[in-house]
Amino acid sequence: MDLLATFAALLGSGGFIADDAAMAPYLLDWRKLYQGKAIGVARPRNTAELAATVKLAGDAGIAMVPQSGNTGLVGGGVPLPGGRSLVISLERMNRVRSIDPANYTITVEAGCILQHVQQAAEAADRLFPLSLTAEGSCRIGGNLSTNAGGIAVLHYGNMRDLVLGLEVVLPDGQVWDGLRALRKDNTGYDLKHLFIGAEGTLGIISAAVLKLFPRPRERVTAFAAAADLPATLALLGRLRAASGDALTSFEYIPRISLALALEYVSGSFDPFETPHDHYLLIELSSSSEGSGLRAIAETALAQAMEDGLLLDATIAESEAQAKKLWFLREAIVEAQRPAGAGIKHDVAVPVASVPDFLSEAIAAVGARLPGVRVLAFGHLGDGNIHFNLCQPREMPAADFLAMTGEFNRLVHDIVARHAGSISAEHGIGQLRREEIRRYKPAVELDLMAKVKAALDPRGLMNPGKVI
Ligand SMILES: Cc1cc2nc3c(=O)[nH]c(=O)nc-3n(C[C@H](O)[C@H](O)[C@H](O)COP(=O)(O)OP(=O)(O)OC[C@H]3O[C@@H](n4cnc5c(N)ncnc54)[C@H](O)[C@@H]3O)c2cc1C
């Protein structure tokens with residue numbers, strides 16, 4: 001039997017795709033930047049089938065590309081255009097294996113859609129807090145492998161902070177059962193952290209034990225206009241302190257992003273009568289009813305207005321109003337595409353450096369290309385800014401995109417001067433693979449190469465990504 005027939009026999013009906021048209025969606029990334037090639041797409045139903053697939057591919061010397069929801073933004077989940085690769089999709093491994101409300105844990109397979117995990121937690125009166133715009137499509141395996149962030153990192157941490165145990169299929173087909181539901185376990189190296197954020201270069205995550213939290217009973221959502229960038233930081237500190245650290249989201253939106261949403265995304269609205277330069281979308285939450293959170297937020301925001309930190313503020317009166325405010329946060333992302341060609345940077349700096357980073361970077365890109373539109377928005381509370389550049393209105397898109405390398409260097413060098421990161425939450429993939437060589441210490445790159453060589457000596461696990 002030839003290799004493709006062996007995969008098909010192993011994986012059963014619907015388990016193996018080798019037809020070009022059916023493979024197409026697995027070979028193109030979400031941003032349509034990377035088009036890959038594969039000998040087939042394996043869709044195992046369980047860990048045993050996954051392990052057998054990996055063993056078979058490994059023995060045949062075929063590169064393996066794990067893929068979950070294919071919403072990644074750095075080209076990590078699609079194969080390279082050359083060579084012989086097998087895409088291994090986790091989409092059929094989508095069961096919630098168990099939920100333990102007393103232990104505040106849920107055990108899920110890697111192909112579970114993030115939103116389904118949130119819903120399963122809610123049905124058990126618990127919260128799984130990871131939340132991002134792609135939550136209806138991205139899957140836990142991808143969330144783990146990119147160490148996803150999103151809008152609640154400020155309070156709950158990123159994906160790495162939400163994991164207690166992992167089950168992983170290693171590059172030689174062995175299964176590591178590390179599905180421990182323990183909050184304390186100091187029995188040697190904490191190996192799960194090697195696989196989290198590894199973007200599929202060290203093994204394939206098949207299942208995970210995730211942490212749950214008490215479900216919020218009260219939420220306060222506010223939209224505010226800050227006097228300037230330093231004022232946003234002052235408000236962040238005040239709200240954290242005043243609320244007993246109940247601040248869950250602290251998102252920054254510049255006027256230019258809101259203006260583009262108003263121009264391109266129907267349903268967008270201006271929350272205040274007059275335009276302001278700097279907006280914040282703020283959410284506080286508490287698991288206890290009668291928490292007094294609303295009064296705390298009202299007092300803190302009123303005081304900030306009195307002190308000149310804020311120019312305007314509004315607090316949602318209902319769940320529906322809160323949703324409308326959050327819609328604006330999604331609309332500013334959506335407005336980027338119709339606004340023109342974009343060059344994106346997902347960067348982090350220490351929170352206290354955000355105002356300086358923004359002023360310096362905005363000035364530098366504006367000096368290089370007058371008319372460039374800087375859409376710098378995002379998770380200010382985490383120091384994570386999506387520093388996206390949109391082409392000047394009259395400039396041909398191709399001419400603008402030809403400047404990608406130059407703008408990357410300009411922005412990332414400023415990030416490095418602020419001791420920041422050139423990829424805060426999206427990962428490295430293919431997009432930033434060469435660039436990290438400039439910004440990571442040689443010792444760190446060498447350690448990464450040694451870990452890779454130890455776990456995947458044949459270099460078959462997602463080659464051409466990360467390192
Ligand atoms: C509209 C939109 C909004 C987004 N917002 C955010 C955001 O706020 N925060 C954020 O962090 N990200 C965000 N992202 C990026 C993306 O959604 C996340 O990176 C997400 O975690 C990827 O999950 P996925 O299932 O789609 O992974 P995929 O795209 O399938 O894979 C991502 C990487 O993980 C590897 N991988 C996938 N599954 C496995 C596995 N089981 N074992 C080992 N390796 C695996 C792949 O090889 C690839 O390198 C956004 C994306 C979109 C499209």
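One-based numbering, in listed order, for ligands and for the atoms of each. Owing to the predicted nature of the structure, the values given are computational and were not obtained by experimental measurement.
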Can an N or O of L90 be found at a distance shorter than 3.5 Å from an N or O of ligand 1?
-> no
What do you reckon, are the aromatic ring centroids of Y104 and F213 less than 6.0 Å apart?
-> no
Could you label the plane-to-plane angle of the F377 and H386 rings as parallel, tilted or perpendicular, counting under 30° as parallel and over 60° as perpendicular?
-> tilted
Heteroatom proximity flag, I204 to ligand 1, N/O under 3.5 Å | no
N70-ligand 1 polar pair, N/O distance under 3.5 Å = yes
Heteroatom proximity flag, A110 to ligand 1, N/O under 3.5 Å = no
Measure the shortest side-chain to side-chain distance between L154 and S249 over non-hydrogen atoms and say whether it is less than 4.5 angstrom.
-> no
Any nitrogen or oxygen of R139, main chain or side chain, under 3.5 Å from a nitrogen or oxygen of ligand 1?
-> yes
Above 12 or not: heavy atoms from other molecules or residues under 6.0 Å from CZ of R437?
-> no
Heteroatom proximity flag, L73 to ligand 1, N/O under 3.5 Å = no
For C138, the atoms of ligand 1 under 4.0 Å from one of its heavy atoms are 23 (O), 24 (P), 25 (O), 26 (O)
H278 and Y252: side-chain donor and acceptor closer than 3.5 Å?
-> yes
Is there a nitrogen or oxygen of A148 sitting under 3.5 Å from a nitrogen or oxygen of ligand 1?
-> no
